[in-house]
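Everything below concerns the one structure shown next.
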Amino acid sequence: MMLLLATVAVLWIPTAATAAVPDDPRISAAIEAWATTPLYIDPDYASVADVGPMLAEIRTAPAPVYVAVVPSGTWFQEKGDPELLAGWLANANSKPGVYVVMDGDETHAVAHEIHAYAGGSTWSSGRDESMSSQLSDFLDGLKLNDRYDAEPARTTPLTPRPVAEPEPERFTTSDAIRNGLGGGALGMAGGALLAGVVLGVAALVASRRGGRS
């Protein structure tokens with residue numbers, strides 16, 4: 001019985017880990033490339049990525065670094081959360097390190113099962129800045145320290161922040177008086193106008209009758 005439970009546990013652990021990573025061609029392509037090189041470049045970025053200098057930056061980093069240059073945004077599965085995409089990549093690759101996602105303008109990363117701070121995100125300084133320079137700027141913020149927990153990277157969306165509802169407007173006695181006076185004044189003005197119209201019509205009718213007699 002114990003052997004059976006152990007076998008089930010061994011089979012269940014990788015299944016649960018795999019279930020957290022969605023089926024995405026960007027992820028599968030990056031994992032395949034990372035088997036031989038720590039840098040994956042989507043074909044759409046082949047003309048702008050300076051591969052040699054980028055690899056040099058990766059290999060001189062103080063920790064294992066895996067870089068994926070891929071498109072990202074609100075229309076992809078990560079819904080505009082590139083750090084979630086980096087977490088999926090990290091869990092799919094199943095190796096400790098820093099996982100970097102770049103799209104030519106922004107650089108985001110997460111630390112995965114390593115005592116490190118990945119620096120959040122950085123933005124390109126302009127169209128002339130090379131991708132290797134962007135990567136270098138990002139890796140300059142990488143910090144290794146045992147005080148950082150070596151936890152698995154996040155694979156679930158962030159919980160939306162609750163939106164505070166505006167407090168209902170308080171209705172005071174002075175508001176009631178002002179509204180009452182305002183309504184009364186409006187009613188009096190409307191009544192006077194209506195009375196004027198009625199009197200005018202009556203006078204017109206009377207004058208016409210007088211003309212006939």
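- Inter-residue side-chain proximity for Val70 and Tyr40 is flagged as met; some heavy-atom pair is nearer than 4.5 Å.
- With no hydrogens or angles considered, a side-chain donor-acceptor pair links Asp50 and Ser132 at under 3.5 Å.
- Although no hydrogens or angles enter the test, the distance criterion places no donor-acceptor pair under 3.5 Å between the side chain of His108 and the main chain of Val101.
- Taking CG of Leu39 as the reference point, atom OH of Tyr66 lies at 12.5 Å (rounded to 0.5 Å).
- For the pair Asp81/Arg154, a side-chain contact is recorded, criterion being any heavy-atom separation below 4.5 Å from C-beta on.
- Within the 4.5 Å cutoff, no side-chain heavy atoms of Met102 are placed close to those of Phe138.
- More than 12 heavy atoms of other residues, nucleotides or ligands shown are found within 6.0 angstrom of CG on Asp140.
- The backbone N or O of Thr155 sits less than 3.5 Å from a side-chain atom of Trp88, completing a donor-acceptor pair.
- Across Ile114 and Ala63, no two heavy atoms sit closer than the pair CD1-CB, 3.7 Å.
- Expressed to the nearest 0.5 Å, how far NE2 of His115 lies from CG of Asn145 amounts to 9.5 Å.
- Checking side-chain atoms of His112 against main-chain N and O of Gly97 turns up no donor-acceptor pair under 3.5 Å.
- Heavy-atom minimum distance, Leu139 versus Glu57: CD1-O, 3.7 Å.
- In this structure, CE in Met54 is found 12.0 Å from CZ in Arg59, a value given to the nearest 0.5 Å.
- Contact check for Tyr99 versus Asn93: side-chain heavy atoms found under the 4.5 Å cut-off.
- When all heavy atoms of Asn91 and Ala153 are compared, the closest pair comes out as ND2-O, 3.2 Å.
- Residue Leu84 holds its CG atom at 10.0 Å from CG of Leu89, rounded to the nearest 0.5 Å.
- When all heavy atoms are compared, the tightest approach of Leu144 to Pro62 is CD1-O, 3.2 Å.
- Atom CG in Asp105 sits 11.0 Å away from atom OG1 in Thr122 (nearest 0.5 Å).
- Within a 6.0 Å radius of CG in Asp23, other residues, nucleotides and ligands contribute 12 heavy atoms or fewer.
- Annotation: side chain of Asp137 is in contact with side chain of Glu129 (closest heavy-atom distance under 4.5 Å).
- A chain of hydrophobic side-chain contacts below 4.5 Å, direct or via other Ile, Leu, Val, Met, Phe, Trp or Tyr residues, connects Leu135 to Leu55.
- Side-chain contact check for Tyr45 versus Asp103: some heavy-atom pair is nearer than 4.5 Å.
- For the pair Glu83 (side chain) and Val110 (backbone), a donor-acceptor distance under 3.5 Å is absent.
- The minimum heavy-atom distance between Met131 and Val48, with the atom names listed, is CG-O, 3.9 Å.
- Nearest heavy atom pair, residue Val67 against residue Trp34, reads O-NE1, 3.1 Å.
- Gln134 CD to Glu106 CD: the interatomic distance, rounded to the nearest 0.5 Å, is 10.0 Å.
- Judged by distance alone, the side chain of Arg26 and the main-chain N or O of Pro71 form a donor-acceptor pair under 3.5 Å.
- Residues Trp123 and Val100 are members of separate hydrophobic clusters, defined by side-chain heavy-atom contacts under 4.5 angstrom among Ile, Leu, Val, Met, Phe, Trp and Tyr.
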